[in-house]
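The basis for the numbers below is simple: all heavy atoms, side chains too, and nothing from hydrogens, waters or symmetry mates. Bear in mind that the values here come from a model prediction, so they are computed numbers and not experimental data.
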Amino acid sequence: MAPLQNGYANGLNGDSINPQTSFSRLRFSDIPSAIDIPASTFDSEVEVSLEELPDDPTELCTLLENEKAAKNFWVIIALAYAKQKQLDHAIEILQKGLASLAHGATKEKLVLLNWVCWLLMLKSRQAPRVAPEGQTNSDLKTKDYYLQQATATLNEASRLNPAFPPLFLARGVLSLLRASLYPPKPIRPGTVDTSERVEALRVALKSFEESNKAFGGRNIMALLGYARAQYCLGKYAEALDSYQKVLSKMPGLTDPDPRIGIGCCLWQLGFKDRAKLAWERALALV
């Protein structure tokens, strides 16, 4: 059985991992400290610091609009704000970038809409599930609110091009987040579970399959999402196999860490000692 035979079964086979180059350190690592935006006047450039960002991004957006900056400048500046946990500003910048695009710039719109969707999903993860009791602040947004916004954004992108590969992964993650809002419901033996939670998980499975196929089987995040959906559906042996594949393909991955998923699957399958070893390995790599 996989837990006993696979060298990566519980995440102990990690000798090649260097904590200094762990994948957890790569998040936002491609955001430079500054960028040069080509200026139309005098064939010059405007240097913008991405470490000391203004509290109000309006002037930056105006600069990008006036210089008709390419979409990658909008994305880099937005992600620089996201790196500093200023997600509202990041989303605002991307939305202004969308408004500035010329008519017919479909690919550019798809890229920006995809990023807006991801940031809205991140906002959802940080938001409360329900408003606190007695909360009267009408500005408080729940997880469901941001997921609705993300769904609308993803639908807008899908109308432009439903086969745009990055959308498959976003759709899968969105479905996972949607499923997490519904508690599991008991069903009678022999009946098919058609609850909203299970339907969302099935959509997630299909989306992650499409994403992995679109990227030639090299999309590790899609494979991780697929494993997570399998686990949520109670398919622990299948999920274990998927998590093990992730670890074998990318043993240095710690953010997210497949060893945690491996441990959860082993625990559900009754291999509790091996589950603890997997979790201990994950802790050792933090």
| Nearest heavy atoms of Ala200 and Ala179, plus distance in Å | CB-CB, 3.8 Å
| Considering only heavy atoms from C-beta outward, does the side chain of Pro183 approach that of Arg197 to under 4.5 Å? | no
| field | Leu147 reachable from Val203 in the ILVMFWY side-chain graph, under 4.5 Å edges | value | no
| note | Rounded to the nearest 0.5 angstrom, the OH-CG distance for Tyr81 and Leu60 is 5.0 Å
| said: Any heavy-atom pair between the side chains of Leu177 and Tyr146 that's under 4.5 Å? | reply: no
| request: Begin with the C-alpha distance, continue with both residues' side-chain angles, and end with the deciding distance and a verdict on side chain to side chain contact (heavy atoms under 4.5 Å, CB included) for Trp279 and Cys264. | output: CA-CA 9 Å; Trp279 293 329; Cys264 291; 4.1 Å; yes
| Atom CD1 of Ile91 and atom OG1 of Thr153: how far apart are they, to the nearest 0.5 Å? | 8.5 Å
| Would you call Lys206 and Glu209 a salt bridge, using N to O less than 4.0 angstrom? | no
| said: For a side chain to side chain contact (heavy atoms under 4.5 Å, CB included) check, start with the C-alpha distance between Glu65 and Trp74, then their side-chain angles and the critical distance, and finish with the verdict. | reply: CA-CA 10 Å; Glu65 290 171 357; Trp74 292 91; 3.6 Å; yes
| message | Under a 3.5 Å distance rule, please check whether Arg259 uses its side chain to pair with a backbone N or O of Leu277 as donor and acceptor. | response | no
| Less than 4.5 Å apart, any side-chain heavy atom of Ile77 and any of Ile35? | yes
| note | Here the gap from Glu51 atom CD to Ile31 atom CD1, rounded to the nearest 0.5 Å, amounts to 11.5 Å
| request: With the side chain counted from C-beta on, respond yes when Pro54 and Glu59 share a heavy-atom pair under 4.5 Å apart, and no when they do not. | output: no
| Any link between Tyr145 and Leu174 through a network of hydrophobic side chains (Ile, Leu, Val, Met, Phe, Trp, Tyr) touching at under 4.5 Å? | yes
| Are more than 12 heavy atoms from other residues, nucleotides or ligands located less than 6.0 Å from atom CG of Asp56? | yes
| query | Side chains of Ile262 and Leu240: closer than 4.5 Å at any heavy-atom pair? | reply | yes
| Residue pair Ser242, Glu238: steps toward the side chain to side chain contact (heavy atoms under 4.5 Å, CB included) verdict | CA-CA 6 Å; Ser242 296; Glu238 294 91 336; 5.7 Å; no
| task | Compare every heavy atom of Cys265 with every heavy atom of Ala239, then report the nearest pair and how far apart it is. | result | CB-SG, 3.7 Å
| task | Taking only Lys NZ, Arg NE, NH1 and NH2, and the carboxylate oxygens of Asp or Glu, determine whether Arg129 and Asp144 approach each other closer than 4.0 Å. | result | no
| field | Connected via hydrophobic side-chain network under 4.5 Å: Leu223 and Met250 | value | yes
What donor-acceptor contacts under 3.5 angstrom involve side-chain atoms of residues 212-221, with partners at least two apart or in another chain?
{"unit_1": "Asn212", "atom_1": "OD1", "unit_2": "Asn219", "atom_2": "N", "d": "3.3"}
{"unit_1": "Asn219", "atom_1": "OD1", "unit_2": "Met221", "atom_2": "N", "d": "3.2"}
{"unit_1": "Asn219", "atom_1": "OD1", "unit_2": "Ala222", "atom_2": "N", "d": "3.0"}
{"unit_1": "Asn219", "atom_1": "ND2", "unit_2": "Ser211", "atom_2": "OG", "d": "3.0"}

| request: Could you go through the side chain to side chain contact (heavy atoms under 4.5 Å, CB included) check for Thr151 and Arg178 one step at a time? | output: CA-CA 10 Å; Thr151 300; Arg178 175 63 65 188; 4.2 Å; yes
| Once you round to the nearest 0.5 Å, how far does CD of Gln86 lie from CD of Glu92? | 11.0 Å
| message | Is there a path of hydrophobic side-chain contacts, each under 4.5 Å between heavy atoms of I/L/V/M/F/W/Y residues, joining Leu201 to Leu224? | response | yes
| Distance from Ile93 atom CD1 to Ile76 atom CD1, nearest 0.5 Å? | 12.0 Å
| said: Restricting to non-hydrogen atoms, name the atom on Phe73 and the atom on Asp36 that form the minimum distance, rounded to 0.1 Å. | reply: CE2-O, 3.4 Å
| salt bridge (charged side-chain N to carboxylate O under 4.0 Å, His left out) evaluation trace for Arg159 with Glu156 | CA-CA 5 Å; Arg159 284 192 291 270; Glu156 183 180 352; 5.3 Å; no
| Test item: Ser100 and Leu64 side chains (from C-beta on) under 4.5 Å apart, heavy atoms | no
| said: Any non-hydrogen side-chain atom of Val198 less than 4.5 Å from a side-chain atom of Leu233? | reply: yes
| task | Verify the cluster assignment for Tyr182 and Leu205: are they in a single hydrophobic cluster under the rule of side-chain heavy atoms below 4.5 Å apart? | result | no
| remark: Rounding to 0.5 Å, atoms OG (Ser180) and CG (Leu176) come to a distance of 8.0 Å
| note | Note: Pro256 and Pro258 closest approach over all heavy atoms is O-CD, 3.4 Å
Result block: side-chain N/O donor-acceptor pairs under 3.5 angstrom for residues 105-128, not counting sequence neighbours:
{"unit_1": "Lys123", "atom_1": "NZ", "unit_2": "Asp88", "atom_2": "OD1", "d": "2.9"}
{"unit_1": "Ser124", "atom_1": "OG", "unit_2": "Lys143", "atom_2": "O", "d": "3.2"}

| query | Heavy atoms, side chains only, cut-off 4.5 Å: are Leu94 and Val75 in contact? | reply | yes
| request: Sorted by first residue and then second, give each ring-ring contact (aromatic ring centres under 6.0 Å, His included) pair with at least one member in residues 226-254; sequence neighbours left out. | output: Tyr231-Tyr236
